[in-house]
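Worksheet: one structure, shown below.
Reminder, nothing fancy here: chain letters follow the sequence lines and each chain counts from 1.
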Number of protein chains: 2
Amino acid sequence: MVKSEEVIEELKKIVKQKGLKYTEQREIVLNVLLHADDHLTAEEIYNLIKTKRPDSNIGIATVYRALGFLEEVNLITSIAFGADGKKYESNTKDHHDHLICTNCGKIVEFMDDEIEKRQDRIAKKNKFRITSHSMQIYGICASCQ
Amino acid sequence: MVKSEEVIEELKKIVKQKGLKYTEQREIVLNVLLHADDHLTAEEIYNLIKTKRPDSNIGIATVYRALGFLEEVNLITSIAFGADGKKYESNTKDHHDHLICTNCGKIVEFMDDEIEKRQDRIAKKNKFRITSHSMQIYGICASCQ
DNA sequence: TTTACTGCAAACCCTTTGCAATTCG
DNA sequence: CGAATTGCAAAGGGTTTGCAGTAAA
């Protein structure tokens, strides 16, 4: 687990390196995800910002643009499932996959070394240069059964 | 691999059992997927029907409704990735996961027993009643490297 | 000063819905 | 006949874009 400040620093570095501008809005969006212990949609992030920072007059379009940018530079990742559209999380956590309750939407993270190894092997066998993977197990969680 | 006619028969059975009506449109949509060797979006299916069956005056809404129905009764499945929205395939093939080329969009199917077993175990450990899973490995295929 | 970035609103795409007409049972 | 299904067009939801104004370098 990486510290929030370090990630913010990294954002500053990336922005500078690309000759872009550092703005409060991008920082706020990243910060929300750094402190969320859940996967959030663009709209949820927007609403959170509206609530927690009523002074910052951010627009939903800016949230989308920031999310796109942050995902592009790999500071955050997204998964898409169901009808909720994309859900984002910060990319500072260790790699993991997702168990998703199709009833209440709850997401549990997990990680299995053997599965990871086998994925690499499968990609190699098919002559794919693997860049990432995404694995979701869908089911009904204990409290929804 | 199951024969197309058998699946069509199954559709007839399901429809009758549910007290619904058997329509040519649902059959056409299912048939397109049974003969596709690729994963298709709703719009691709719609366009295919328009081309191959110019006489059938089907509407895009009907395609969506048919796809929803067919997925509900488990004759087809869908995966969502990238910006293309849901892609459908018939459910008569044996279970498999997907290797996806992020450059050309090519999809390679694979299956690994050990991964399947481990998924079941992980779900059990987290007290999830597993209903399905979806696993995609993203990378660059041989011909795109 | 220059250029990227922003907020707003309109546009956009894909999907769903309301409805009158149609078809199946 | 009665109910499910259809095609059409309009509505919907989520996301993107054009633009004039704003703010970072």
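With rounding to whole Å, B:Glu27 atom CD is found 15 Å from D:dT5 atom P. For the pair A:Leu11 CG and C:dC5 P, the computed distance is 11 Å after rounding to whole Å. A straight line from CD of B:Glu44 to C1' of C:dC13 spans 15 Å, rounded to a whole angstrom. One interatomic measurement links the two molecules: CG of A:Leu70 to C1' of C:dC5, which rounds to 14 Å at whole-angstrom precision. Here C:dC5 presents its P atom at 14 Å from CD1 of A:Ile58, a figure rounded to the nearest Å. For B:Glu72 and D:dT5, the CD to P distance is 11 Å, given to the nearest whole Å. Here D:dA4 presents its P atom at 13 Å from CZ of B:Phe69, a figure rounded to the nearest Å. Here the C1' atom of nucleotide D:dA25 and the CD atom of A:Glu24 are 17 Å apart, to the nearest Å.
Formation of a donor-acceptor pair under 3.5 Å by the A:Asn74 side chain with backbone atoms of A:Leu70 is not found in this model.
Close placement of the A:His95 and A:His133 rings is indicated, their centers lying within 6.0 Å of each other.
Contact check on A:Lys12 versus A:Glu27 returns no salt bridge, with no Lys/Arg side-chain nitrogen under 4.0 Å from an Asp/Glu carboxylate oxygen. By the 4.0 Å N-to-carboxylate-O rule, B:Glu6 lies too far from B:Lys3 to be salt-bridged with it.
Helical stems of DNA chain C (runs of at least 3 Watson-Crick or G-U pairs, donor-acceptor distances under 3.5 Å) are listed by first residue: C:1-25 with D:1-25.
A donor and an acceptor atom, one from each side chain of A:Glu44 and A:His39, are nowhere located under 3.5 Å apart.
In this structure, CG in A:Asp120 is found 8.0 Å from CD1 in B:Ile137, a value given to the nearest 0.5 Å. To the nearest 0.5 Å, atoms CD1 (A:Ile14) and CZ (A:Arg26) are separated by 10.5 Å. Separating the CG atom in A:Leu34 from the CD atom in A:Glu89 is a distance of 11.5 Å, to the nearest 0.5 Å.
For residues 12-23 of chain B, proximity to DNA chain C is found at B:Lys21, B:Tyr22, defined as any non-hydrogen atom under 4.0 angstrom from a strand atom.
Comparing A:Glu43 and B:Gly59 against DNA chain D, the residue whose closest nucleotide sits nearer the 5' end is B:Gly59. Between B:Ile60 and A:Asn57, the residue anchored nearer the 5' end of DNA chain C, judged by the nucleotide with its closest heavy atom, is A:Asn57.
Taking only side-chain atoms of B:Arg65, from C-beta outward, the nucleotide of C:dG18, C:dC5, C:dC8 with the closest atom is C:dG18.
Here B:Gln25 does not reach the OP1 or OP2 of C:dT23: none of its side-chain N or O atoms lies under 4.0 Å away.
B:Lys16 NZ: 12 or fewer foreign heavy atoms inside a 6.0 Å radius.
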